[in-house]
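Below is one structure; the comments refer to it alone.
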Amino acid sequence: MADQSREIDSYLETLPDDRREAMTELRAWIHETLPEAKDVIAYGMPGVYKDGLICSYMSQKHYMSLYMDVEVVAKHKAQLDKAGLNCGKSCIRFRHLEQLPEATIKTMLRETAAKQALEHLGN
């Protein structure tokens, strides 16, 4: 899968300053955690791919969203709830990056990458 870093850079440039800073920092967390993952545009959103789509993120009208594996989100739901985050099945909604528990998000990214690597080997 081709790296689409330039398209993501272009997307981030369209965001208001506070959102651009938050999304850029979230992207940095993702690449710190999974340096071998490639930037992609999937389902019309920026994301990262390694053996499968690991996560996607987007600035919405009233909040920002991080989309991750349904099972991984469910596994960490208590920690996300404790942080006061509004979560759907695969969506973690936040207004400020400081709301996201960085260590938990990075753990979730690693768990998703490991899960997808196993699934990739099975194919």
Side-chain angles (χ1 to χ4, degrees):
M1 181 163 274
D3 189 309
Q4 297 173 315
S5 295
R6 288 186 187 169
E7 290 88 342
I8 294 174
D9 291 340
S10 295
Y11 163 74
L12 293 172
E13 287 300 316
T14 68
L15 300 177
D17 290 345
D18 60 333
R19 297 272 182 114
R20 181 175 52 253
E21 289 172 19
M23 294 277 97
T24 299
E25 184 67 20
L26 177 59
R27 184 182 184 195
W29 288 4
I30 295 165
H31 286 291
E32 285 170 18
T33 307
L34 304 169
E36 65 284 353
K38 302 285 184 216
D39 282 323
V40 297
I41 303 291
Y43 305 103
M45 296 181 281
V48 294
Y49 184 96
K50 182 181 182 282
D51 298 323
L53 185 64
I54 306 250
C55 71
S56 296
Y57 50 93
M58 188 79 173
S59 176
Q60 309 288 347
K61 184 175 181 176
H62 297 290
Y63 52 83
M64 293 170 275
S65 300
L66 174 61
Y67 296 88
M68 300 188 74
D69 182 87
V70 172
E71 292 174 7
V72 174
V73 171
K75 178 180 174 184
H76 293 275
K77 183 91 167 77
Q79 292 164 298
L80 299 170
D81 286 346
K82 185 178 178 183
L85 295 165
N86 179 333
C87 298
K89 287 171 72 172
S90 68
C91 179
I92 303 165
R93 297 174 196 90
F94 58 100
R95 292 184 188 272
H96 307 283
L97 187 67
E98 296 78 26
Q99 291 177 278
L100 291 179
E102 183 177 354
T104 300
I105 298 300
K106 288 181 174 182
T107 296
M108 293 170 70
L109 290 165
R110 284 188 291 274
E111 288 175 5
T112 302
K115 178 181 174 188
Q116 292 192 346
L118 284 174
E119 289 172 2
H120 184 74
L121 288 174
N123 288 334

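Treat the numbers as computed from the prediction; the structure is a model and nothing was measured.
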task: Working to the nearest 0.5 Å, report the span between CG of L12 and OG1 of T24.
output: 4.5 Å

- prompt: So do M68 and H76 actually touch side chain to side chain, heavy atoms under 4.5 Å?
  reply: no

query: salt bridge (Lys or Arg N to Asp or Glu O under 4.0 Å) with D69: which residues, sequence neighbours excluded?
result: K115

message: If I compare all heavy atoms of P101 with all of L85, which pair ends up nearest, and what's the gap?
response: CD-CD1, 3.7 Å

- request: Apply side-chain contact (heavy atoms from CB on, under 4.5 Å) to K89 and V73, showing your working.
  value: CA-CA 7 Å; K89 287 171 72 172; V73 171; over 6 Å; no

task: Over all heavy atoms of both residues, which pair between I92 and F94 is shortest? Give the atoms and the distance, please.
output: O-CD2, 3.7 Å

- prompt: What distance separates I30 CD1 from L66 CG, expressed to the nearest 0.5 Å?
  reply: 6.0 Å

Shortest non-hydrogen contact between L15 and R20, atoms and distance: O-NH1, 2.9 Å

query: Would Q60 and M58 count as a side-chain contact (heavy atoms from CB on, under 4.5 Å) if you check the C-alpha gap in whole Å, the side-chain angles of each, and the deciding distance to 0.1 Å?
result: CA-CA 6 Å; Q60 309 288 347; M58 188 79 173; 3.6 Å; yes

Residue list, salt bridge (Lys or Arg N to Asp or Glu O under 4.0 Å) with D9, at least two apart or on another chain: R27

message: Determine whether a donor-acceptor pair (N or O, by modelled atom type, separation under 3.5 Å) exists between the side chain of Q99 and the backbone of G84.
response: no

- request: Scan residues 92-107 for pairs that pass salt bridge (Lys or Arg N to Asp or Glu O under 4.0 Å), counting only residues two or more places apart or in two chains.
  value: E32-K106, E102-K106

task: Could you grab the distance from atom CH2 of W29 to atom CG of L109, nearest 0.5 Å is fine?
output: 10.0 Å

- line: Y11 and P46 have their tightest heavy-atom pair at CD2-CG, 3.5 Å

- line: Rounded to the nearest 0.5 angstrom, the CG-CD distance for D51 and E119 is 10.0 Å

message: If I take atom NE2 from residue H31 and atom CG from residue L26, how far apart are they, to the nearest 0.5 angstrom?
response: 9.5 Å

task: Report yes or no: does R19 contribute a side-chain atom to a donor-acceptor pair with the main-chain N or O of T14 at less than 3.5 Å?
output: no

- prompt: Closest heavy-atom contact between V48 and A37?
  reply: CB-CB, 4.0 Å

- prompt: Could you give the distance from CD1 (I41) to OG (S56), rounded to the nearest 0.5 Å?
  reply: 9.0 Å

message: Hydrophobic clusters here meaning ILVMFWY residues chained together by side-chain heavy-atom distances under 4.5 Å, can you tell me if M45 and V72 are in one?
response: yes

task: Decide yes or no on side-chain contact (heavy atoms from CB on, under 4.5 Å) for L97 and L100, but give the supporting numbers first.
output: CA-CA 6 Å; L97 187 67; L100 291 179; 3.8 Å; yes

- prompt: Between H96 and M64, what is the shortest heavy-atom contact and its length?
  reply: N-CE, 4.1 Å

task: Would you check, one step at a time, whether the test side-chain contact (heavy atoms from CB on, under 4.5 Å) holds for L80 with M108?
output: CA-CA 11 Å; L80 299 170; M108 293 170 70; 4.1 Å; yes

